[in-house]
Number of protein chains: 2
Amino acid sequence: MVSIWGTVDPMSTRAEPETDERALDLAYDVLQARCPSRLTLEHVTGRWGTLIMLALYEGPVRFNELRRRVAGVSEKMLSQGLQALERDGFVAREVLSTMPPRVEYRLTDLGLETHRRLKELAVFLESRMPEVEAAQARYEAGGNA
Amino acid sequence: MVSIWGTVDPMSTRAEPETDERALDLAYDVLQARCPSRLTLEHVTGRWGTLIMLALYEGPVRFNELRRRVAGVSEKMLSQGLQALERDGFVAREVLSTMPPRVEYRLTDLGLETHRRLKELAVFLESRMPEVEAAQARYEAGGNA
DNA sequence: CAGTATCCGAGAGGATACTG
DNA sequence: CAGTATCCTCTCGGATACTG
């Protein structure tokens with residue numbers, strides 16, 4: 001049985017009803033286990049994905065400039081994260097054949113729209129951090145420490 | 001001298017707020033390595049955090065209903081994720097002393113506002129998935145497979 | 001500068017069993 | 001039902017070294 005999202009994944013332990021009912025539902029849904037949109041969401045919201053997306057603003061950015069912007073990221077994770085985002089079409093990568101070599105990353109249109117939404121989320125959360133920290137203090141004090 | 005984020009920093013001290021009003025420099029910033037907002041962002045955008053937040057809609061939801069909504073999540077990850085979100089003040093947990101036991105989770109005001117932004121992001125990404133999949137196909141075809 | 005390759009430990013995360 | 005506890009696996013991700 002093949003769903004609209006490809007072959008049956010052996011990792012899925014859930015007994016999925018093998019009806020073609022789902023084939024009628026062509027909408028992507030991140031809450032569905034094997035929907036491709038879930039993987040893309042993970043690239044954008046993963047541990048480094050969000051931070052890399054947030055660090056991509058104001059025109060092309062070079063690799064080491066990005067490293068500086070995303071404080072704490074390793075070369076490996078930045079490289080892997082950028083590859084995933086490029087693969088999904090959020091980021092465009094341009095190699096300039098200069099000496100020393102220079103590579104520039106910029107958001108695509110899709111990436112820019114995504115960036116705006118992530119930025120909104122980040123700014124919102126930052127603005128509410130006092131409330132979050134108050135909740136944390138209450139939680140610890142409440143015997144859940 | 002310790003900054004509010006725990007490192008050596010000649011600029012400010014959390015333990016001694018009366019030293020001076022550097023509050024302007026102390027805005028939360030997720031791109032800073034040890035800013036508390038980065039941890040909260042991770043809880044909200046981590047592998048399961050986003051999906052759990054998205055699955056919390058329309059009033060109180062019970063544990064196993066959430067498990068069903070977030071397809072593929074294990075009991076452990078759901079439990080841990082909900083704890084983190086409760087601790088940060090996004091989710092409220094209410095235990096009803098019935099038989100059998102019943103526990104209801106609902107979004108706080110903070111959680112609801114966060115949910116709206118995550119939902120926007122998810123819906124946006126879902127709507128653009130055809131574009132993403134086209135980009136993926138191009139990427140593989142371009143010798144980067 | 002801009003990466004890739006390799007090694008390795010820590011922790012994420014799944015399966016199972018058990019409790020109130 | 002709603003979890004927690006335990007065990008165990010596997011991936012993530014950091015450090016280091018190397019290439020163009």
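Every chain is numbered from 1 and lettered A, B, ... according to where its sequence line falls, protein lines coming before strand lines.
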Which nucleotide in the list C/dT4, C/dA2, C/dG13 gets nearest to the side chain of A/Phe63?
C/dA2
Heavy atoms from C-beta onward define the side chain here; which of C/dG14, C/dG3, D/dG3 lies closest to that of B/Trp48?
C/dG14
Side-chain N or O of A/Ser79 versus OP1/OP2 of C/dT4: is the shortest distance under 4.0 Å?
yes
Under 4.0 Å between a side-chain nitrogen and a carboxylate oxygen: does that hold for B/Glu65 and B/Arg68?
yes
Sugar-phosphate, base or nothing in reach of A/Gln83, heavy atoms under 4.0 Å
sugar-phosphate
May I ask you to verify if any side-chain N or O of B/Arg62 is less than 4.0 angstrom from the OP1 or OP2 atom of D/dA2?
yes
Under 3.5 Å, side chain of B/Arg38 to main-chain N/O of B/Val30, donor-acceptor pair present?
yes
Nearest of D/dG3, C/dG3, C/dA2 to any side-chain atom of B/Tyr105?
D/dG3
I need the CD-P distance between B/Gln80 and C/dG14, as an integer number of Å.
10 Å
Let me know which of B/Glu126, B/Glu133, B/Arg128 forms a side chain to side chain donor-acceptor pair (under 3.5 Å) with A/Tyr28.
B/Glu133
Which angle, rounded to 10°, do you find between the first-five-pair axis and the last-five-pair axis of the helix from C/dC1-D/dG20 to C/dG20-D/dC1?
50°
Per nearest nucleotide of DNA chain C, the residue lying toward the 5' end, A/Lys76 or B/Glu75, is A/Lys76
Just checking B/Arg93: base, sugar-phosphate only, or nothing, at a heavy-atom cut-off of under 4.0 Å?
sugar-phosphate
